[in-house]
Colleague: 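Dropping a structure here in C-alpha cells format, bear with me for questions.
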Number of protein chains: 2
Amino acid sequence: MTPPQNSSQARSVHVVSSADSQESRIGRLCVERGLKMTGQRRVIARVLSDAEDHPDVEELYRRASALDPRISVATVYRTVRLLEEKGILERRDFGGGRARYEASEHGRHYHLIDVDSGKVTEFEDEEHEALMRRIAERLGFELVSMRLELFGRRLKQADAPAATKKAKRGKGSAR
Amino acid sequence: MTPPQNSSQARSVHVVSSADSQESRIGRLCVERGLKMTGQRRVIARVLSDAEDHPDVEELYRRASALDPRISVATVYRTVRLLEEKGILERRDFGGGRARYEASEHGRHYHLIDVDSGKVTEFEDEEHEALMRRIAERLGFELVSMRLELFGRRLKQADAPAATKKAKRGKGSAR
DNA sequence: GTACCTGCAAAGTCTTTGCTCATGT
DNA sequence: ACATGAGCAAAGACTTTGCAGGTAC
C-alpha cells in the first residue's frame, strides 16, 4: 500500500498548505498516518528519506544530530520503532547485533552482504517469492513474510555489469 | 535432526574404548576435535544431541541444569560459542533477540517459523542454493553462505500432503 | 488545552569477561 | 603438573522505559 508515486503530488487533494512542502518523502508518509510531526521526527524522517543504505540506530542518530543536535538517541529508537509499526520502515538484521533500517518498498528486494567489506547489494527476484510461497503451502502454511540474505565474496573476474554497490531499484540482476 | 540410522553404531570404526560410549553424538564430535570433556560439556553435548528443536541458551541451560545442576549459564554460553567455532553447532536467529542453536548438518535445510506459535518447521530445497549461487554470481559475488527463513501462518484447510518432495520431519510436538 | 513527545538517565536483555578455584589429560 | 574450564558476578552492547517538562494540533 501507499505507492509513493501518486501520493506525492497528485495526492495533494488535501488542504496541503506550505507545511507539507518541508516534509521529506517519509515525512509525508508520517503526516498521512496522522503522526505528530515534531522537529525531531522531521529530521529523522529526512535522514531516512535521504538514506541510500541501511543505517543502524547509531548511524541515524549521528546523521540526525548533524542536522539538528537537539535529538537524543532515545528518540531515534522510539521513532524507528514507531515508523516500523506504521509500516513505513522495515527493520533488518544483517548480523552484527544491531538492527538496521530502510524505507518500506513496494517491490520486494533482497540483500547480499559482502563478507569482507560489509557492503550491501540489493537485488530482486520475482520468482523467488512465488517459489517460497509454494513451499510454505506445501507445508501447510500461508506465507506471511520471509527473510533472505546472501553472504558473498567479490569475484575477481567481474562479469557483473558494474554492479558497483547498491543497485537500488536498479534490479541489480542482468541475467 | 540427524538421521540416527547409520552414524550411531556403524561409525565405531575408531579405537572406541569404553570411555567413548558415554558420549552423546555431539560429545563424540567434541572428542574428535580434541576438546576437553568436562562434566558440564558432556551434559551440554547430550542436551544438544537430544534436542529435536532449536533451543536458545536459556533453554539449553534449563535442560542441562535438569541433568546436572552444577552448570552455570556462562558455561552454556561459552560452550555453544566454542562448538559453533568448531563447526559442530550452528547459531540461528529466528527473531526475538536470542540466538538459537542446532547441530550442524550435512544436508542444508531451511526453517519456516509459525508466526503464531513460534514453532519451527524444517524443509529442504535442493534447487534453492543453486539458484542463489547463480544470483550471487550474476552480481559479481561468490556465494559464501546464506540465510533463509520463512514466516507463515497455518492454513485452515489442512493439506500439507506430507511427503510432497521435501518435507523433512516436522519437529516433534506440533501443537 | 490536552494528548502526545522528548531528553535524560536508569533499567532491561542477552551475552561476554575477569578472576580465582577446580579439573581433565 | 599444567593448561584449560567453570562459577560468579560485574561489565558490555543494544534497546526500552519512567518521569518531568515541552510541543503539535
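We use all heavy atoms of the structure for the numbers below, so side chains are in, but hydrogens, waters and symmetry mates are not. Below, read A as the first sequence line, B as the second, and so on, with proteins coming before strands; counting in each chain starts at 1.
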Colleague: Without swapping roles, check the side chain of B:Arg33 against the backbone of B:Lys86 for a donor-acceptor pair under 3.5 Å.
Modeller: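 Indeed, once roles are kept as given, a pair shorter than 3.5 Å links the two residues.
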
Colleague: Apply ring pair (Phe, Tyr, Trp, His ring centres under 6.0 Å) to A:Tyr77 and list each qualifying residue two or more places apart in sequence or on a separate chain.
Modeller: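 Ring pair (Phe, Tyr, Trp, His ring centres under 6.0 Å) list for A:Tyr77, sorted by chain: empty.
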
Colleague: For nucleotides 10-14 of chain C, which of its nitrogen or oxygen atoms have a protein nitrogen or oxygen under 3.5 Å away, and what is each distance?
Modeller:
{"from": "C:dC14", "atom 1": "OP1", "to": "B:Arg98", "atom 2": "NH1", "distance (Å)": "2.2"}

Colleague: Below 4.0 angstrom, which residues in residues 78-90 of chain A have at least one non-hydrogen atom near DNA chain D?
Modeller: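 Those residues whose heavy atoms fall under 4.0 Å from DNA chain D, taken from residues 78-90 of chain A in numerical order, are A:Arg78, A:Arg81.
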
Colleague: Could I get the full list of ring pair (Phe, Tyr, Trp, His ring centres under 6.0 Å) partners for A:Tyr110, not counting sequence neighbours?
Modeller: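 Counting only residues at least two positions away or on another chain, A:Tyr110 forms a ring pair (Phe, Tyr, Trp, His ring centres under 6.0 Å) with A:Phe123, A:His128.
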
Colleague: Rounded to whole angstrom units, what separation is found between the CZ atom of B:Arg100 and the P atom of C:dT15?
Modeller: 12 Å

Colleague: Once side chain to side chain donor-acceptor pair (under 3.5 Å) is applied, do any residues pair with B:Ser72, and if so which ones, sequence neighbours excluded?
Modeller: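 Applying side chain to side chain donor-acceptor pair (under 3.5 Å) to B:Ser72 gives B:Thr75.
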
Colleague: More than 12 non-hydrogen atoms from neighbouring residues, nucleotides or ligands closer than 6.0 Å to CZ on A:Arg62, yes or no?
Modeller: yes

Colleague: Given that A:Ala74 and B:Asp56 both sit by DNA chain C, which one's nearest nucleotide is further toward the 5' end?
Modeller: A:Ala74

Colleague: Please name the pair of heavy atoms, one in B:Tyr61 and one in B:Val73, separated by the smallest distance, quoted to 0.1 Å.
Modeller: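 So the two residues come closest at CE1-N, 3.5 Å.
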
Colleague: Return the value, rounded to whole Å, for the distance between atom CG of A:Asp93 and atom C1' of D:dT15.
Modeller: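 That distance rounds to 14 Å.
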
Colleague: So, A:Glu90 versus A:His54: side-chain donor-acceptor pair below 3.5 Å or not?
Modeller: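 Absent: no donor and acceptor within the cut-off.
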
Colleague: Over how many whole Å does the gap from A:Ile71 atom CD1 to C:dC5 atom P extend?
Modeller: 15 Å

Colleague: Side-chain contact, heavy-atom cut-off 4.5 Å: B:Arg98 with B:Val57?
Modeller: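 No, side chains not in contact.
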
Colleague: Between A:Arg147 and B:Asp93, does any NZ, NE, NH1 or NH2 come within less than 4.0 Å of an OD or OE carboxylate oxygen?
Modeller: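 A salt bridge links B:Asp93 with A:Arg147.
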
Colleague: Show the distances under 3.5 angstrom between N or O atoms of the protein and N or O atoms of nucleotides 20-25 of chain C.
Modeller:
{"from": "C:dT25", "atom 1": "OP1", "to": "B:Met37", "atom 2": "N", "distance (Å)": "3.2"}

Colleague: Check A:Asp68 with A:Arg41, please: is the shortest side-chain N to carboxylate O separation under 4.0 Å?
Modeller: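 A:Asp68 and A:Arg41: not salt-bridged.
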
Colleague: For A:Gln40 and D:dT23, what is the distance between atoms CD and P respectively, to the nearest whole Å?
Modeller: 9 Å

Colleague: Are side-chain heavy atoms of A:Glu102 and A:Leu89 found at a separation under 4.5 Å?
Modeller: no

